[in-house]
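Comments concern the structure below.
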Amino acid sequence: MCDLVARTGRLQQRYKDGSRLVAGCIPFRYRNSDEDSNGKVVQVLMISSSSGPGLLFPKGGWENDETVKEAAVREAVEEAGVRGILMDFLGDYEFKSKTHQDECSPEGLCKAAMYALFVKEELEKWPEQKTRTRTWLTIGEAVESCRHAWMKDALVEGFCKWHNEKMNQGKGITDED
């Protein structure tokens, strides 16, 4: 049994200008590769959706009793069962939720603050393991597998640009970060 419990309900949910505020991350790691000149390939972790086909990045409601960074880290643990180092902010991404319309956001508008998360630990047990599976993918595979266009934008326009800038500045990401 998992000691961690996923938060549920909307009592603590944050809203701004008619949009539900969401926090999430793109979990990543490095794996050895014979095909890449530097010997390493970036992989991102995606999870299955509980409401249909396609893969997602962990994300969920940002609540009143936590910072946006705390919410992103919590969602990574709850949905994907990973812990690590929350790195830089990748951007805000707006989308419309078909399943999360309520009195504070009747249109289902959401604004997701997304971060990069350097994964240091994969938990054996996590709150949503019965409803989600984890899959490590290369960037190209992840682009093809993204269920939502906004997540694809977060991956390509947010994460990939951020990661390339880090590498070009000689600020590689290591286990010591």
Strictly below 4.0 Å, N to O, side chains only: are Arg74 and Glu66 in salt-bridge contact?
yes

Any salt bridge linking Lys59 with Glu75? Criterion: basic side-chain nitrogen under 4.0 Å from a carboxylate oxygen.
no

For Ala112, which residues count as a side-chain contact (heavy atoms from CB on, under 4.5 Å) partner, sequence neighbours excluded?
Val22, Phe95, Met114, Trp150

Partner of His163 by side chain to side chain contact (heavy atoms under 4.5 Å, CB included), out of Lys166, Met167, Glu165
Met167

Checking [X] side chain against [Y] main chain: does a donor-acceptor pair fall under 3.5 Å?
{"X": "Trp126", "Y": "Val82", "result": "no"}
{"X": "Asn32", "Y": "Lys40", "result": "no"}
{"X": "Arg14", "Y": "Glu63", "result": "yes"}
{"X": "Arg134", "Y": "Gly81", "result": "yes"}
{"X": "Thr138", "Y": "Gln43", "result": "no"}

Applying salt bridge (Lys or Arg N to Asp or Glu O under 4.0 Å) to Arg29 and not counting sequence neighbours gives Glu122

Is there side-chain contact between [X] and [Y], with heavy atoms separated by less than 4.5 Å?
{"X": "Tyr115", "Y": "Val68", "result": "yes"}
{"X": "Trp162", "Y": "Ile26", "result": "no"}
{"X": "Val77", "Y": "Leu123", "result": "yes"}
{"X": "Met46", "Y": "Leu56", "result": "no"}
{"X": "Leu55", "Y": "Cys146", "result": "no"}
{"X": "Tyr15", "Y": "Trp62", "result": "no"}
{"X": "Lys111", "Y": "Arg20", "result": "no"}
{"X": "Cys110", "Y": "Tyr93", "result": "no"}

Taking everything shown except Glu121 itself, do over 12 heavy atoms lie less than 6.0 Å from its CD?
yes

Interatomic distance, CZ@Phe57 vs CZ@Phe159, rounded to 0.5 Å, equals 8.5 Å

Shortest non-hydrogen pair, Leu109 vs Gly18, comes out as CB-O, 3.9 Å

Nearest heavy-atom neighbours spanning Gly84 and Leu117:
C-CD1, 3.9 Å

Exercise: do Ser49 and Arg147 side chains pair donor with acceptor under 3.5 Å
yes

